[in-house]
Peer 1: 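My structure is below; once you've seen it, I'll send some questions.
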Amino acid sequence: PTVDINDVFVFQSPANPANVVMVMTVSPFIAPSEAGTKFFERDVLYQFKIDTNGDAVEDLVIQAIPVLTGTDQRVQIIGPGRPSRTGAVTQLLTAAAPTVEVAVSAANQAVSQTRNGVTAFAGLRDDPFFFDLTRFQAIVAGQASGFRSPGVDAFAAFNTLAIVIELPAAMLGSNPNIGVWGTTSR
């Protein structure tokens with residue numbers, strides 16, 4: 001599950017319009033009772049790939065690398081930097097020291113760290129996906145013609161692991177229109 005990407009979000013920072021926030025969530029359906037027991041996989045590279053010129057090839061990457069395990073786990077954020085290889089083949093950014101390193105947060109805490117203009121968070125968060133699964137199943141079965149208003153969130157109370165990075169938009173180049181996708185690889 002720790003390589004299963006749930007969602008990737010990119011948006012302008014609500015606190016600072018000159019910043020961009022990138023979020024990747026992995027490891028779906030973590031029950032509240034499992035808080036403090038789920039962590040990022042150490043042998044996985046989590047990446048945000050950023051296309052700055054519209055050709056659907058990453059020009060920049062931001063890499064998140066888990067170190068240590070359990071409650072001592074930390075995530076190192078490296079980048080943004082130009083990858084030496086693009087596409088499905090993954091390679092660590094060469095000779096790059098971590099831009100920022102953050103302790104992985106458990107359910108009741110939200111630890112973030114800022115360094116070099118980049119703020120990072122990694123850890124357990126409420127799953128942001130909202131879906132009325134029961135009503136969807138009734139629609140598919142022909143027992144209902146539409147969704148309820150308001151709907152019932154089938155994913156309420158479930159958590160996910162999140163990597164959140166906020167950085168100045170200027171670090172991504174001058175083009176205000178970028179493409180961003182997430183990858184996980186071993």
Peer 1: Applying the 4.5 Å side-chain criterion to the ILVMFWY set and letting contacts propagate, would F11 and V8 be lumped into a single cluster?
Peer 2: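 As far as the 4.5 Å side-chain criterion goes, V8 and F11 are not connected within one cluster.
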
Peer 1: Would you please name every residue forming a ring pair (Phe, Tyr, Trp, His ring centres under 6.0 Å) with F40, sequence neighbours left out?
Peer 2: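 With neighbours one apart ignored, the set is Y46.
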
Peer 1: Which atom names give the shortest non-hydrogen contact between I78 and L93, and what distance separates them?
Peer 2: CG2-CD1, 3.7 Å

Peer 1: List the steps, then state whether side chain to side chain contact (heavy atoms under 4.5 Å, CB included) holds for I5 with V26.
Peer 2: CA-CA 4 Å; I5 297 175; V26 298; 4.1 Å; yes

Peer 1: When rounded to the nearest 0.5 angstrom, what is the spacing between OG in S105 and CD in Q73?
Peer 2: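 That separation rounds to 11.0 Å.
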
Peer 1: Could I get the full list of salt bridge (charged side-chain N to carboxylate O under 4.0 Å, His left out) partners for R82, not counting sequence neighbours?
Peer 2: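 Per chain and number, R82 pairs via salt bridge (charged side-chain N to carboxylate O under 4.0 Å, His left out) with no residue.
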
Peer 1: Taking side chain as C-beta onward, heavy atoms only, is V10 less than 4.5 Å from I50?
Peer 2: no

Peer 1: Taking all atoms of both residues into account, what is the closest heavy-atom pair of P66 and V44, and its distance?
Peer 2: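 Taking every non-hydrogen atom into account, CD-O, 3.3 Å.
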
Peer 1: Do the non-hydrogen side-chain atoms of R42 and T69 ever get within less than 4.5 Å of each other?
Peer 2: yes

Peer 1: Taking atom CD1 of I77 and atom OG1 of T119, what is their separation to the nearest 0.5 Å?
Peer 2: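 Atom-to-atom, I77:CD1 and T119:OG1 are 11.0 Å apart.
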
Peer 1: Within this structure, what is the CD1-OG1 distance for the pair I30 and T37, rounded to the nearest 0.5 Å?
Peer 2: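 If I round to the nearest 0.5 Å, the distance is 7.5 Å.
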
Peer 1: Under 3.5 Å, side chain of D55 to main-chain N/O of V57, donor-acceptor pair present?
Peer 2: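 Confirmed, D55 side chain pairs with V57 backbone.
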
Peer 1: What closest approach, in Å, do I163 and A64 show between heavy atoms, and which atom pair accounts for it?
Peer 2: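 Taking every non-hydrogen atom into account, CD1-CB, 3.8 Å.
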
Peer 1: With a 4.5 Å limit on heavy-atom distance, are the side chains of V23 and D7 in contact?
Peer 2: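 No, side chains not in contact.
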
Peer 1: Can you tell if the side chain of V102 reaches within under 4.5 Å of the side chain of F121, non-hydrogen atoms only?
Peer 2: no

Peer 1: Are F130 and F147 joined in one hydrophobic group, where the rule is that I, L, V, M, F, W and Y side chains link up if heavy atoms are under 4.5 Å apart?
Peer 2: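 No, separate clusters.
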
Peer 1: Going by ring pair (Phe, Tyr, Trp, His ring centres under 6.0 Å), name the residues that satisfy it together with F29, two or more places apart in sequence or in a different chain.
Peer 2: F155, F158

Peer 1: Restricting to pairs with a member in residues 139-165, which pass salt bridge (Lys or Arg N to Asp or Glu O under 4.0 Å), not counting sequence neighbours?
Peer 2: D132-R148

Peer 1: If every non-hydrogen atom of V100 is compared with every non-hydrogen atom of A120, which pair is closest and at what distance?
Peer 2: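 Nearest pair, atom of V100 first, then A120: CG1-CB, 3.7 Å.
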
Peer 1: Do N6 and F129 pass the side chain to side chain contact (heavy atoms under 4.5 Å, CB included) test, and can you show the C-alpha distance, the side-chain angles, and the key distance before you say yes or no?
Peer 2: CA-CA 9 Å; N6 303 333; F129 188 70; over 6 Å; no

Peer 1: R186: which residues meet the salt bridge (charged side-chain N to carboxylate O under 4.0 Å, His left out) condition with it, sequence neighbours left out?
Peer 2: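 Expected list: E41.
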
Peer 1: To the nearest 0.5 Å, tell me how far T25 OG1 sits from N159 CG.
Peer 2: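 Between atom OG1 of T25 and atom CG of N159 there are 11.5 Å.
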
Peer 1: Is there a donor-acceptor pair under 3.5 Å between the side chain of R125 and the backbone N or O of T160?
Peer 2: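 Not at all, since once roles are kept as given, no pair shorter than 3.5 Å links the two residues.
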
Peer 1: Pairs under 3.5 angstrom only: tabulate donor-acceptor contacts from the side chains of residues 165-181 to other protein residues two or more places apart or in another chain.
Peer 2:
unit_1 : atom_1 : unit_2 : atom_2 : d
E166   : OE2    : S13    : OG     : 3.0
E166   : OE2    : N19    : ND2    : 2.9
N175   : OD1    : N177   : N      : 2.8
N175   : ND2    : T52    : O      : 2.9
N175   : ND2    : N177   : O      : 3.3

Peer 1: Has K49 got a side-chain atom pairing as donor or acceptor with G87's backbone, closer than 3.5 angstrom?
Peer 2: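 The answer is yes, because a donor-acceptor pair under 3.5 Å joins these two groups.
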
Peer 1: Considering non-hydrogen atoms only, spot the tightest contact between V75 and A122 and give its length.
Peer 2: CG2-CB, 3.8 Å

Peer 1: Does a sphere of radius 6.0 Å around CZ in F136 hold more than 12 heavy atoms from other residues, nucleotides or ligands, not counting ones at 6.0 Å or beyond?
Peer 2: no

Peer 1: Measuring from Q91:CD to Q63:CD, what's the distance to the nearest 0.5 Å?
Peer 2: 9.0 Å

Peer 1: Which distance, rounded to the nearest 0.5 Å, do you find between the CD of E58 and the CG of D51?
Peer 2: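 So the gap between those two atoms works out to 8.5 Å.
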
Peer 1: Using side chain to side chain contact (heavy atoms under 4.5 Å, CB included), reason through L124 and L161 one step at a time and then give a plain yes or no.
Peer 2: CA-CA 5 Å; L124 200 64; L161 291 174; 4.1 Å; yes

Peer 1: What is the minimum heavy-atom distance between R115 and P98, and which atoms define it?
Peer 2: NH1-O, 3.2 Å

Peer 1: Do V164 and F9 belong together in a cluster built from hydrophobic side chains that touch within less than 4.5 Å?
Peer 2: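 Yes, because V164 and F9 connect within a single hydrophobic cluster, where side-chain heavy atoms sit under 4.5 Å apart.
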
